[in-house]
Asks: 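Here's a structure for you.
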Amino acid sequence: QVRLVESGGGSVQAGGSLRLSCTASTNTFSRYCMAWFRQAPGKEREGVAAIDSSDTPDYVGSVKDRFAISRDNAKKTLYLQMNSLKPEDTAMYYCAADVRGCRRDYLLNPHWTSYWGQGTQVTVAS
């Protein structure tokens, strides 16, 4: 069983920035497709960004040019730098790992996830 622990959430004003981190308990972290999903109250969980074992990122359109996903395999840590935050970015953000690698449309299929973190809350005030 792999444990994923997120940190870095909080409350900011619109236009502000936050950096989320997710640390994994596994030594095979570098092989996994890692991703961030988010879920707002009353809404379905949606993909935000993913990064494969070759450090190739993928983003959903609503966060492109504002968010940046990265990973440090030596630290077994995934990051999400969020800039120019908007009130509609308010959600619980979840770290996710897919041991089978980044498949096409992973961000549209959260049920493909092998392991989830417990989530970290991001609140953006207008």
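Every heavy atom of this structure was used, including side-chain atoms; hydrogens, water molecules and symmetry mates were not.
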Asks: Looking only at non-hydrogen atoms, find the nearest pair between Pro87 and Ala14 and report the distance.
Replies: CD-CB, 4.1 Å
Asks: Considering non-hydrogen atoms only, spot the tightest contact between Thr26 and Lys76 and give its length.
Replies: O-CD, 2.9 Å
Asks: For residues Trp36 and Val99: do they belong to one hydrophobic cluster (side chain heavy atoms under 4.5 Å, members Ile, Leu, Val, Met, Phe, Trp, Tyr)?
Replies: yes
Asks: Test your reading of the model: is there a side-chain donor-acceptor pair from Arg66 to the backbone of Ser84, 3.5 Å cut-off?
Replies: yes
Asks: Is the shortest heavy-atom distance from the side chain of Asp98 to the side chain of Thr113 under 4.5 Å?
Replies: no
Asks: Just verifying a value: how many Å separate Thr123 OG1 and Leu18 CG, rounded to the nearest 0.5 Å?
Replies: 9.5 Å
Asks: Do Thr56 and Ser54 have a side chain donor and acceptor closer than 3.5 Å?
Replies: no
Asks: Give, for atom OG of Ser70 and atom CG of Leu80, the distance between the pair rounded to the nearest 0.5 Å.
Replies: 8.5 Å
Asks: Evaluate the side-chain proximity of Asn83 to Phe67: yes if any heavy-atom separation is below 4.5 Å, no if none is.
Replies: no
Asks: Using modelled atom types and a 3.5 Å cut-off, is there a donor and acceptor pairing between side-chain atoms of Thr120 and backbone atoms of Gly9?
Replies: yes
Asks: Which heavy atom in Ala50 sits nearest to a heavy atom in Cys102, and how many Å separate them?
Replies: CB-SG, 4.4 Å
Asks: Check whether Asn109 reaches the backbone of Asp105 with its side chain - one donor and one acceptor, N or O, closer than 3.5 Å.
Replies: yes
Asks: Within the distance-only criterion (no hydrogens, no angle test), does the side chain of Asp72 pair as donor or acceptor with the backbone N or O of Lys75 below 3.5 angstrom?
Replies: yes
Asks: Looking at the rings of Tyr115 and Tyr94, which for Trp means the six-membered one, are their centres under 6.0 Å apart?
Replies: no
Asks: Rounded to the nearest 0.5 Å, what separates atom CG in Asn27 from atom CG in Asn73?
Replies: 11.5 Å
Asks: Main chain of Gln118, side chain of Glu6: is a donor-acceptor contact present, judged purely on distance under 3.5 Å?
Replies: yes
Asks: Where is the tightest heavy-atom contact between Tyr59 and Ala68, given as atom of each residue plus distance?
Replies: OH-CA, 3.3 Å
Asks: Is the count of non-hydrogen atoms from other residues, nucleotides or ligands lying under 6.0 Å from Asp65 atom CG greater than 12?
Replies: no
Asks: Could you tell me the separation between the OG atom of Ser17 and the CD atom of Gln81, rounded to the nearest 0.5 Å?
Replies: 6.0 Å
Asks: Measure the CD-CG distance between Gln13 and Leu85 for me, rounded to the nearest 0.5 Å.
Replies: 11.0 Å
Asks: With distance as the sole test, does Ser25 use its side chain to make a donor-acceptor pair with the main-chain N or O of Arg3 at under 3.5 Å?
Replies: yes
Asks: Nearest 0.5 angstrom please: Ser126 OG to Lys86 NZ, how far?
Replies: 14.0 Å
Asks: I'd like to know whether Leu4 forms a side chain to side chain contact (heavy atoms under 4.5 Å, CB included) with Thr23, so could you lay out the CA-CA distance, the side-chain angles of the two residues, the decisive distance to 0.1 Å, and finally the verdict.
Replies: CA-CA 6 Å; Leu4 302 174; Thr23 301; over 6 Å; no
Asks: Looking at Asp52, is its backbone amide N or carbonyl O close enough to the side chain of Arg71 to form a donor-acceptor pair, meaning the two atoms are under 3.5 Å apart?
Replies: yes
Asks: Checking Ser21 side chain against Tyr79 main chain: does a donor-acceptor pair fall under 3.5 Å?
Replies: no
Asks: Pick one: which of Met92, Arg38, Met82 meets side-chain contact (heavy atoms from CB on, under 4.5 Å) with Val122?
Replies: Met82
Asks: Any side-chain heavy-atom pair from Ile51 and Asp58 closer than 4.5 angstrom?
Replies: no
Asks: What is the ring orientation for Phe37 with Tyr106, classed by angle as parallel under 30°, tilted 30 to 60°, or perpendicular over 60°?
Replies: perpendicular
Asks: Test side chain to side chain contact (heavy atoms under 4.5 Å, CB included) on Val124 and Glu88 and set out the steps.
Replies: CA-CA 8 Å; Val124 184; Glu88 51 263 43; over 6 Å; no
Asks: Quick one: is the NZ or CZ of Arg100 closer than 6.0 Å to the six-membered ring centre of Tyr32, and within 45° of its axis?
Replies: no
